[in-house]
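We name chains A, B, ... by the order of the sequence lines, and we start the count at 1 in each one.
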Amino acid sequence: MSEAFYVTTPIYYVNAEPHIGHTYTTVVADMLARYHRLRGEQCFMLTGTDEHGDKILEVARERGTTPEAVATEYAQLFQQTWDQLGIQYDRFIRTTDPDHRVVVQSILQKVYDAGEIEFKEYEGLYCVGCERFLTDRDMVDGLCRDHERAPENRSESNYFFKMGDHFSWLAETIENNPDFIRPERYRNEVLAMLSEESGLGGELCISRPKERLDWGIELPFDDRYVCYVWFDALINYLTGVGYPDQSEFETFWPAAEHIIGKDILKPHGVFWPCMLHAIGAPLPRHLNVHGFWNLDNRKVSKSLGNLISPIAMDERYGFEAFRYFLLREMVFGQDSSFSEPLLIARINADLANNLGNLVSRTLNMTNRFADGVVPTPGAQEEAEAVIEKTAARVAAEVDEHVLSLRPQRALESIMGLVDETNRYLERREPWKAAKDPDRAGQVPTTLYTCCESLRITAVLLSAFLPKTSQEILSRLGLDSPLEEASLHDLTRWGLLQSGLPTVKGPPLFPRVDVPEESK
RNA sequence: GGCGGCGUAGCUCAGUCGGUUAGAGCGGCGGCUUCAUAAGCCGUAGGUCGUUGGUUCAAGUCCAACCGUCGCUACCA
């Protein structure tokens, strides 16, 4: 019986096309799922789309179509994008999925029956143009900021989830489980939110009257209303693994790892735990919060247009390179900046010059000095032992860093093995040794060591750069895809068999020339 | 207004419980090399660790104030 691992991305709201933010979250989740799968855990990755709410209705009206059509169009766009980029999700959930509707309604009913949902009248200033109530912030001189008209006094009744009742429990739980929300800074923010709102009790409006919004899941206890925003969105994490009865639910839910951006910390750090507590469900294992990508303030080459679309990045640089950049450049939890020159610098330094070039020189020499097959190594000397030790150390470091959600550190570590191997090659200089009768005997050992180092590099890299990893293995004569649960075995030194036919192949990552305009 | 983060070499950042000459990567510069994607390897960068005061035998590393910067929040229905 293996351990379980359940990773989720947020469900993306269907009012925008996939961009760098969506892509980062999704890539992190995909990387984790792949890594844990390789580690032998039973894995499930969930992603999808959030499709209800006024904005979708608005768009549908503007276009003279239905919200269903708008939602479907974007949902497909997201799904096709992930498919095209090779994201290995296990389910793509939509908040309009029938099974999700059932789950949401059953949970609403359950919370309602428990007396945790209250019906209350709210009176406030309502802007007809905005079709919503305004706050002080929305107004300038008593007029609606957007519509420059006076709001009218209106009252409306709605259902409220009394989540404040769970605040003290939640605060205590977070204190007692220091790494539930990570990195630490976000845990502190959530604790701050809980104490700030204690004064008002913390009520979450979870409904909208149908006159105002009918695009949503109907409340099971009042058909004049639909469920509003976060309530039905968050529940997708449960629906995705078969809440409440299916066996996968018990397996996966307690092992849940949510990956989110810091913009949705409050719903995930406050609303969600309260909801779960209200229905008696355990909390996910971790709430993992990442920062934002700052897009470069300066010049963006115009010809590119939609620069940060993952599809555009794929076309221009290859998705593996973009994916590498995302995982390597951002310290999980902190903001990072993205720009084309930064991306290019990373590609050239790490992927082309170090990794790609090592693959080229190794395979080229294997071709020239070892008849194109993995040679049979002789006895190891100190230089070889260094590589073997480094490989073992790096494998351990990668494991540690992935588990503690430091993808950038894991990649740094892997690149350290590549560097060490480049250095080793310099030390052995097989291109000279091959021509020197006294040293020619060591060449097979040297090349074997490089090939083996590359094999382990590829294994370690497989969750990060799946296609590249497969390509390297394939060039080393290892064509079958990596099997689940093989990580531990495959990182052992000396597994590569002699005699396998190698393929030199074209450069793995061609150097990217820096365009004139970007100085 | 309240709370919090950040401010370390040109750039991006590491710097654990305070303790020998403050580190890495990239870029730049000098050299070596030619198997390789003009890639690689070796050497080099002398930075008031935002400012000013404290605590201490000893402070990027703790405290205070200030400056700069970013974020969250102020009863968003």
Side-chain angles (χ1 to χ4, degrees), chain A residues 120-126 132-139 154-161 164 183-193 195-209 212-213 228-229 262-263 265-266 269 291-292 294 328-331 333-337 339 341-342 344-370 408-409 411-412 415-416 418-435 443 446-447 450 504-514:
Chain A
K120 272 176 40 176
E121 187 171 75
Y122 171 81
E123 193 174 329
L125 296 169
Y126 183 89
R132 65 183 189 91
F133 287 91
L134 303 180
T135 61
D136 294 343
R137 243 193 239 172
D138 299 321
M139 289 181 288
R154 238 194 227 197
S155 67
E156 183 176 293
S157 295
N158 267 308
Y159 288 91
F160 295 80
F161 169 48
E184 186 182 16
R185 46 188 310 204
Y186 296 109
R187 179 192 73 194
N188 295 334
E189 278 195 32
V190 169
L191 287 172
M193 292 174 193
S195 58
E196 276 163 12
E197 289 179 14
S198 58
L200 233 283
E203 297 190 317
L204 180 67
C205 183
I206 58 161
S207 71
R208 282 292 185 283
R212 199 137 80 74
L213 176 75
Y228 188 61
V229 291
K262 64 180 183 180
D263 53 324
L265 177 60
K266 190 172 183 175
F292 285 163
N294 296 313
R328 173 63 183 76
E329 201 76 9
M330 176 172 268
V331 175
Q334 299 186 359
D335 290 356
S336 290
S337 44
S339 73
L342 283 174
I344 291 172
R346 206 87 240 180
I347 291 174
N348 286 343
D350 293 4
L351 299 179
N353 296 352
N354 285 351
L355 177 61
N357 188 48
L358 177 63
V359 169
S360 290
R361 63 200 303 213
T362 297
L363 293 177
N364 185 58
M365 286 190 282
T366 301
N367 195 42
R368 263 171 72 164
F369 306 128
Q408 80 289 357
R409 290 296 187 90
L411 285 173
E412 251 176 56
M415 284 327 239
V418 173
D419 284 340
E420 196 61 54
T421 308
N422 265 322
R423 245 174 264 136
Y424 165 76
L425 217 33
E426 224 58 45
R427 188 169 166 189
R428 286 305 197 196
E429 44 189 14
W431 52 92
K432 278 187 190 168
K435 295 164 192 162
V443 171
T446 302
L447 294 178
C450 291
K504 193 183 162 200
L508 224 43
F509 293 96
R511 273 184 70 84
V512 180
D513 290 325
V514 181

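Note on A:K504: nothing from the nucleic acid sits closer than 4.0 angstrom, heavy atoms only. Counting any heavy atom pair closer than 4.0 Å across all strands shown, A:L508 reaches a base atom. Using a 4.0 Å heavy-atom cutoff across all strands shown, A:K262 reaches no nucleic acid atom at all. Within the nucleic acid shown, A:R511 comes within 4.0 Å of at least one base atom, counting heavy atoms only. If you check every strand for non-hydrogen atoms under 4.0 Å, A:R427 touches nothing. At the heavy-atom level, A:Y228 lies nowhere under 4.0 Å from the strands shown. When heavy atoms are screened at a 4.0 angstrom cut-off, A:N188 is found touching no nucleic acid atom at all. A:A345 comes within 4.0 angstrom of no nucleic acid atom, judged by non-hydrogen atoms across all strands.
In this structure, A:P430 and A:T446 approach most closely via the heavy-atom pair CG-CG2, 3.9 Å. Of all non-hydrogen atoms in A:R428 and A:A433, the two that sit nearest each other are O-CB, 4.1 Å. For the residue pair A:P510 and A:P507, the shortest heavy atom distance occurs at CD-O, 4.2 Å. For A:A434 against A:V443, the heavy-atom pair with the smallest separation is N-CG2, 3.7 Å.
Nucleotides B:rC63 and B:rG25 are separated by 34 Å at their C1' atoms, to the nearest Å. Spacing of C1' atoms, B:rA9 relative to B:rU44, comes out at 13 Å, to the nearest Å. Between B:rC76 and B:rG71, the distance separating the two P atoms is 23 Å to the nearest Å. A gap of 14 Å separates the P atoms of B:rC42 and B:rG27, to the nearest Å. B:rG43 and B:rC49: their C1' atoms are spaced 26 Å apart (whole Å). Of the P atoms belonging to B:rG5 and B:rG46, the separation is 34 Å, rounded to the nearest Å. Here the separation of B:rA39 from B:rG10, taken at their C1' atoms, is 24 Å to the nearest Å. Comparing B:rC11 with B:rU51, their P atoms sit 16 Å apart, to the nearest whole Å.
In this structure, the CZ atom of A:R328 is 10 Å from the C1' atom of B:rC26, given to the nearest Å. Taking atom CD of residue A:E429 and atom C1' of nucleotide B:rC42, one finds them 13 Å apart after rounding to whole Å. Here B:rA36 presents its C1' atom at 9 Å from CH2 of A:W431, a figure rounded to the nearest Å. Following rounding to the nearest Å, A:D263 (CG) and B:rC70 (P) show an atom-to-atom distance of 19 Å. Remark: P of B:rA24 and CG of A:D350 are 17 Å apart, rounded to the nearest angstrom. Computed from coordinates, the A:Y186 OH to B:rU73 C1' distance equals 16 Å when rounded to whole Å. In this structure, the CZ atom of A:R208 is 12 Å from the P atom of B:rC76, given to the nearest Å. Atom pair A:M415:CE and B:rC26:P shows a separation of 10 Å (rounding to whole Å applied).
Proximity of A:N158 to A:E121: side-chain heavy atoms (C-beta onward) are nowhere separated by under 4.5 Å. When side chains are defined from C-beta on, A:W431 counts as touching A:L425, because their heavy atoms get closer than 4.5 Å.
Rounded to the nearest 0.5 angstrom, A:R511 CZ and A:I344 CD1 are separated by 10.5 Å. Interatomic distance, CD1 of A:I347 versus CG of A:N353, reported as 11.5 Å (0.5 Å rounding). Between atom CD of residue A:E412 and atom CZ of residue A:R409 there is a gap of 6.0 Å, rounded to the nearest 0.5 Å. Between A:N364 atom CG and A:F369 atom CZ the span is 8.0 Å, to the nearest 0.5 Å.
Proximity of A:N354 to the phosphate of B:rG40: a side-chain N or O atom is located under 4.0 Å from OP1 or OP2. Close to B:rG25, at under 4.0 Å from its OP1 or OP2, lies no side-chain N or O of A:R346. Contact annotation: A:K266 side-chain N/O to B:rC76 OP1/OP2 distance is not under 4.0 Å.
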Can you give the dot-bracket line for RNA chain B, where a pair is Watson-Crick or G-U wobble with both atom distances under 3.5 Å, crossing pairs use [ ], and | marks a partner on another strand? (((((((..((((.....[...)))).(((((.......))))).....(((((..]....))))))))))))....

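Listed candidates were B:rU37, B:rA77, B:rG40. Nearest to the side chain of A:N353 is B:rG40. The side chain of A:R361 sits closest to B:rA36 out of B:rU33, B:rC42, B:rA36. Among the nucleotides B:rU37, B:rG25, B:rA36, the one closest to any side-chain atom of A:N364 is B:rA36. Nearest nucleotide to the side chain of A:F160, out of B:rA77, B:rC35, B:rC26: B:rA77. Of all nucleotides listed (B:rA77, B:rC35, B:rG40), B:rC35 comes nearest to the side chain of A:R368.
When each of A:S207 and A:A352 is assigned the nucleotide of RNA chain B bearing its nearest heavy atom, the one mapping closer to the 5' terminus is A:A352. Each of A:E156 and A:A349 lies near RNA chain B, and the nucleotide nearest A:A349 is the one positioned closer to the 5' end.
Seen from the ring of A:Y159, A:K120 does not count as a face-on cation partner, given the 6.0 Å and 45° thresholds.
With its glycosidic angle within 90° of 0, B:rG60 is assigned syn.
A donor N or O paired with an acceptor N or O is found under 3.5 Å between the base of B:rA36 and the side-chain atoms of A:N357.
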Could you go through nucleotides 10-15 of chain B and list every protein N or O atom that sits under 3.5 Å from one of its N or O atoms, giving the distance for each pair?
| unit_1 | atom_1 | unit_2 | atom_2 | d |
| --- | --- | --- | --- | --- |
| B:rA14 | OP1 | A:Q334 | NE2 | 3.2 |

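At a cut-off of 3.5 Å, with distance as the only test, a side-chain donor of A:D419 or A:N354 sits close to an acceptor on the other residue. A:E420 and A:N422 share no donor-acceptor pair across their side chains, judged by distance under 3.5 Å alone.
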